[in-house]
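Written out below as structure tokens is the structure these notes cover.
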Number of protein chains: 4
Amino acid sequence: MGQDTWNTAVTSIAPNEIRLRGYRIDELMGRVDFGRALYLLLRGELPDERVGRLMTAMLVSSIDHGPGAPSAHAARCAARTGASLNACVASGVLSINRFHGGAIEDCARAIREVMDCADQQKGSLDDAADELLADYKARKVRIAGYGHRVHTADPRTARLFELAAEAGVSSREIEVCQALERGLERQLGKRLPINVDGAIGALLLGMGFEFEVMNGFFILARTAGLIAQAREETTRERKMRNIAPGAHRYDGPPARQL
Amino acid sequence: MGQDTWNTAVTSIAPNEIRLRGYRIDELMGRVDFGRALYLLLRGELPDERVGRLMTAMLVSSIDHGPGAPSAHAARCAARTGASLNACVASGVLSINRFHGGAIEDCARAIREVMDCADQQKGSLDDAADELLADYKARKVRIAGYGHRVHTADPRTARLFELAAEAGVSSREIEVCQALERGLERQLGKRLPINVDGAIGALLLGMGFEFEVMNGFFILARTAGLIAQAREETTRERKMRNIAPGAHRYDGPPARQL
Amino acid sequence: MGQDTWNTAVTSIAPNEIRLRGYRIDELMGRVDFGRALYLLLRGELPDERVGRLMTAMLVSSIDHGPGAPSAHAARCAARTGASLNACVASGVLSINRFHGGAIEDCARAIREVMDCADQQKGSLDDAADELLADYKARKVRIAGYGHRVHTADPRTARLFELAAEAGVSSREIEVCQALERGLERQLGKRLPINVDGAIGALLLGMGFEFEVMNGFFILARTAGLIAQAREETTRERKMRNIAPGAHRYDGPPARQL
Amino acid sequence: MGQDTWNTAVTSIAPNEIRLRGYRIDELMGRVDFGRALYLLLRGELPDERVGRLMTAMLVSSIDHGPGAPSAHAARCAARTGASLNACVASGVLSINRFHGGAIEDCARAIREVMDCADQQKGSLDDAADELLADYKARKVRIAGYGHRVHTADPRTARLFELAAEAGVSSREIEVCQALERGLERQLGKRLPINVDGAIGALLLGMGFEFEVMNGFFILARTAGLIAQAREETTRERKMRNIAPGAHRYDGPPARQL
């Protein structure tokens with residue numbers, strides 16, 4: 001091989017043998033869930049089962065949030081024009097940006113900043129949180145990952161923190177989340193709880209993921225929802241309709257328990 | 001609500017309550033794996049655990065196939081220009097088409113045709129397979145889902161059929177796959193085994209998925225690989241490089257066992 | 001060069017010399033308008049000035065149709081999430097499909113069919129048009145390129161036909177358009193005039209463009225509008241807003257003359 | 001109209017009347033070239049003919065740069081998988097980023113910085129250029145818009161500056177370009193001439209375009225090339241081939257003059 005040779009550490013392909021970070025893919029199939037496989041792909045090592053369960057729970061938490069989410073709306077807008085499924089998904093993915101999905105990375109960066117600040121000053125997390133929030137306020141930056149348009153106590157967040165405790169990961173990052181919640185209450189005089197994006201950011205940070213791939217979790221999980229939304233648009237609605245935002249109602253299976 | 005009201009049966013959103021096809025999402029989190037959640041999203045009902053395990057195994061089987069896969073290559077091509085992660089993913093997804101990923105749907109349609117033909121003629125699957133292959137030959141259409149550029153006995157296929165047997169699904173569709181393999185051997189004088197895309201098509205058909213969402217499985221699973229490939233391009237290679245296809249070598253973790 | 005060598009007939013690049021289909025690009029600059037350059041790029045030869053003027057007029061006719069057009073809506077949906085300009089454009093382009101923009105190609109194919117039918121049967125264009133419309137009706141296919149949601153006498157169409165007459169192109173294709181209009185009136189009992197997409201399809205067919213690149217005209221011209229729409233969304237509207245379709249009003253420069 | 005009403009100043013649509021920034025589109029057709037129409041769309045006013053000619057020349061200058069350009073390569077990568085034309089274009093557009101096309105905006109920002117610095121310090125452009133280049137060097141930032149992989153004296157640049165002089169625009173911005181060239185020569189000890197992207201950035205800045213739409217020029221112009229490249233890939237190459245970068249040769253029309 002000449003000078004253009006380059007390297008990859010993700011997947012090796014040989015005739016009848018596919019290895020993901022060294023593991024045979026057919027050995028992984030049926031034995032690891034998707035969250036563990038994703039962790040392996042992005043971090044290079046297989047996590048234990050409880051961490052894998054947490055990874056999968058994060059994916060499930062972000063799988064869909066109805067047709068009003070900007071990415072679902074974008075996928076439906078493409079679907080109504082007769083776009084192929086992959087074009088619908090691509091349109092949806094292109095609408096996952098700083099203001100939609102992006103809170104995962106931005107909140108993780110804020111948490112890291114608070115931790116670094118507390119470490120450097122050998123001070124409390126609450127003091128460091130107050131400092132960051134004062135700085136954000138001065139720069140007129142809103143902290144990402146706190147508050148939600150619809151939910152005041154997002155059920156996904158509580159469940160994620162519970163599963164993180166079981167898996168024994170990200171405990172300090174969760175403490176920072178809580179310090180920031182208290183700091184926001186001191187600053188604003190009202191509660192602005194962490195949302196599911198912020199929670200995922202905290203957990204991914206604690207598990208050692210790079211900031212740059214964090215939004216990838218949301219993109220990946222939500223791709224499932226984009227497929228469902230695009231398909232529903234194609235099968236239930238007339239082509240080229242106007243999609244009135246917020247004018248939808250749910251007519252699927254009634255509330256039920258596992 | 002006025003005349004623009006429209007319906008959705010996927011997800012219902014109320015303050016602090018998100019339900020996927022009727023189930024609370026926080027109840028699903030930590031209790032169902034991603035394959036089961038995806039089945040629920042696309043088919044409306046939760047499958048049993050063994051079917052969920054098969055679903056997840058199908059996703060894991062398609063999670064990555066190295067940087068030479070056209071979608072991974074496309075994601076890297078975007079990454080080298082400085083594209084954001086979601087643009088890299090979208091580029092990759094736009095390269096999942098009839099000739100890459102599309103075999104899932106096309107093979108499933110061929111299997112359905114063979115089954116319908118055998119049912120109508122009350123004949124054997126082998127006769128129906130021969131008939132379809134003769135028709136394809138006359139029309140100069142190549143059957144999708146058979147043969148692979150690299151693998152002669154794709155380890156993923158065998159594992160999927162094993163897991164399908166355990167889950168008790170798609171047995172007739174697998175029989176058709178084998179009838180088509182025999183038919184191809186009669187027609188071509190050599191073995192052209194079913195590949196992983198064909199196998200997934202057979203399984204999804206047996207589980208009752210619509211043809212139109214089948215490629216969505218590949219899109220969804222491979223999105224994980226696109227993220228890993230795009231990230232590796234950004235972190236390991238210089239910007240704007242020429243990506244010589246096939247000139248890569250694997251330098252990741254050595255072969256290891258679960 | 002080895003076995004992977006491949007050819008291109010579009011552009012040649014040498015140090016300090018760029019040639020488009022053989023012409024130096026710096027010689028073309030300032031001397032040919034964009035329509036002529038596009039014709040050269042796609043057809044391989046420079047058209048005369050009147051044909052170039054017609055080409056440019058086709059591009060101008062499709063440059064924008066307000067924020068309600070599906071592609072403009074899609075570009076705005078991306079813009080409100082904070083997408084970069086190229087991602088907004090890509091989203092818009094992905095919404096240019098069979099039901100939006102696609103009429104150019106489909107109408108051109110219908111016109112070709114009518115012409116071929118008349119030639120084969122040595123009959124009139126009106127008879128051939130009736131035959132095609134009867135066949136479409138039997139197959140429940142709506143003819144593309146006729147009728148418009150807003151316009152009953154699209155001013156762009158008349159202008160394009162005028163310019164085509166000046167350029168001396170596509171006269172027979174325009175006759176077919178009119179035969180189809182008469183046929184539709186006979187079939188439906190009311191006028192359903194050709195729209196701008198249908199007219200562009202007729203003209204491109206007459207000028208010898210391949211069917212497969214025809215929608216490219218619309219994609220290219222509308223990209224200008226997508227940039228303007230995405231930019232306006234970013235600068236005039238708050239991020240993440242709901243975009244109520246049809247609820248916009250025009251507040252730009254008042255009606256004026258060239 | 002209710003509270004969701006919003007405004008647009010680009011295009012007004014009424015039955016049988018389409019107005020672009022106040023002008024009837026059918027009046028523009030055949031009378032203004034595409035560059036003038038684009039200026040009108042993005043800046044709100046019709047430029048005079050010489051400025052329109054410069055606008056068109058900028059578009060022509062960027063219309064294609066062969067199959068080795070990253071966006072052309074991306075469009076071909078999509079095309080080989082069987083992607084539709086709009087998906088090929090979207091893939092190409094997603095590869096127009098900071099490192100490809102982005103120099104237009106970045107160079108314009110640098111020019112503005114030099115002009116502002118000279119104005120504030122009432123100093124010469126050369127002093128301001130030296131200051132900016134020293135600052136960039138200290139921050140290890142490479143100035144955008146200077147130097148080219150292939151061309152040492154880009155013929156497009158000279159032609160654009162000539163047309164700008166004829167149109168009487170951007171003269172001070174061009175002076176800054178030259179001051180930066182001299183500054184680079186002082187700093188590096190060798191000539192690193194402005195390239196076509198830098199030149200377009202200078203001209204657009206002088207004409208009053210916003211930085212944020214500047215890369216849109218490149219996106220729009222190159223969309224024409226993406227269509228030609230994707231179409232050539234589909235018609236001349238076998239599906240799913242490896243596209244060896246740099247291994248192409250030109251076999252189109254021989255060198256010829258206008």
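So you know, we letter chains A, B, ... as the sequences are listed, proteins then strands, and number each from 1.
- Checking side-chain atoms of B:D197 against main-chain N and O of B:I104 turns up no donor-acceptor pair under 3.5 Å.
- The contact between A:R21 and chain B is made by backbone and side chain atoms together, counting heavy-atom distances below 4.5 Å.
- Closest approach of B:S95 to B:A74, counting heavy atoms only: OG-CB, 3.6 Å.
- In this structure, chain A has no heavy atom under 4.5 Å from any part of B:A230.
- Residue A:R98 places its CZ atom among 12 or fewer non-hydrogen atoms of other residues, nucleotides or ligands, all under 6.0 Å distant.
- Checking side-chain atoms of A:R231 against main-chain N and O of B:V213 turns up no donor-acceptor pair under 3.5 Å.
- In this structure, chain A has heavy atoms under 4.5 Å from both the backbone and the side chain of B:L94.
- Remark: the backbone N or O of B:H151 is paired with a side-chain donor or acceptor of B:H148 at under 3.5 angstrom.
- Interface remark: A:A14 contributes backbone atoms only to the contact with chain B (heavy atom separation under 4.5 Å).
- Chain B forms more heavy-atom pairs under 4.5 Å with one residue of A:A224, A:G101, A:S91, A:A221 than with any other, namely A:A224.
- For A:P155, the parts lying under 4.5 angstrom from a heavy atom of chain B are both the backbone and the side chain.
- When atom types are taken as modelled, the side chain of B:R36 and the backbone of B:P47 share a donor-acceptor pair closer than 3.5 angstrom.
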Inset, instruction - Show the numbers, then the answer: is there a side-chain contact (heavy atoms from CB on, under 4.5 Å) between A:R24 and A:I18? - result: CA-CA 6 Å; A:R24 272 180 33 220; A:I18 300 155; over 6 Å; no

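- When the heavy atoms of residues 75-86 of chain B are compared with those of chain A, the residues falling under 4.5 Å are B:R76, B:L85, B:N86, listed by number.
- Most heavy-atom pairs under 4.5 Å with chain B, from the set A:P67, A:G225, A:G92, A:A158: that is A:P67.
- Contact count versus chain B (heavy atoms, under 4.5 Å) is highest, among A:D33, A:L28, A:L220, A:T8, for A:T8.
- Residue A:R149 does not touch chain B at all, counting heavy-atom pairs closer than 4.5 Å.
- A:L204 CG to A:S170 OG: the interatomic distance, rounded to the nearest 0.5 Å, is 8.0 Å.
- Summarising the local packing, CZ of B:R109 is surrounded by more than 12 heavy atoms from other residues, nucleotides or ligands at distances under 6.0 Å.
- With a threshold of 4.5 angstrom between heavy atoms, B:E232 approaches chain A through side-chain atoms but not through N, CA, C or O.
- Identified by a heavy-atom distance below 4.5 Å to chain B, the contributing residues of residues 49-66 of chain A are A:R53, A:T56, A:A57, A:L59, A:V60, A:S61, A:I63, A:D64, A:H65, A:G66, in residue-number order.
- If you measure heavy-atom distances from B:R256 to chain A, the contacts under 4.5 Å come from both the backbone and the side chain.
- Contacts of A:F209 classified as ring-ring contact (aromatic ring centres under 6.0 Å, His included), with partners at least two apart in sequence or in another chain: A:Y39, A:F217.
- Contact of A:R19 with chain B is made through the side chain alone, with heavy-atom distances under 4.5 Å.
- Heavy atoms of A:L258 lying under 4.5 Å from chain B belong to its backbone as well as its side chain.
- A:Q229 touches chain B through its side chain: at least one heavy atom from C-beta onward sits under 4.5 Å away, while N, CA, C and O do not.
- Chosen from A:N215, A:L41, A:L160, A:L163, the residue pairing most often with chain B at heavy-atom distances under 4.5 Å is A:L41.
- Options B:G252, B:A228, B:A9 differ in how many heavy-atom pairs under 4.5 Å they form with chain A, and the most are formed by B:A9.
- Contact tally against chain B (heavy-atom pairs below 4.5 Å) for A:D154, A:V150, A:N242, A:T235: the top residue is A:V150.
- Annotation: maximal heavy-atom pairing with chain B below 4.5 Å, among A:T157, A:D251, A:T223, A:L20, occurs at A:D251.
- For chain A, the nearby part of B:L42 is the side chain; its heavy atoms alone come within less than 4.5 Å.
- Shown here for B:I96 and B:S71, the closest heavy-atom pair between the two residues is CG1-CB, 3.8 Å.
- Contacts of A:E166 with chain B are absent, with no heavy-atom separation under 4.5 Å from either backbone or side chain.
- Sequence neighbours left out, the pairs with a member in residues 77-103 of chain A that pass ring-ring contact (aromatic ring centres under 6.0 Å, His included) are A:H100-A:F218.
- Here the closest non-hydrogen pair linking B:A108 and B:G201 is CB-O, 3.6 Å.
- The residue among B:T234, B:V93, B:I243 with the most heavy atom pairs within less than 4.5 Å of chain A is B:V93.
- Nearest heavy-atom pair, A:G22 versus B:Y250, reported as atom, atom and distance to 0.1 Å: N-OH, 3.3 Å.
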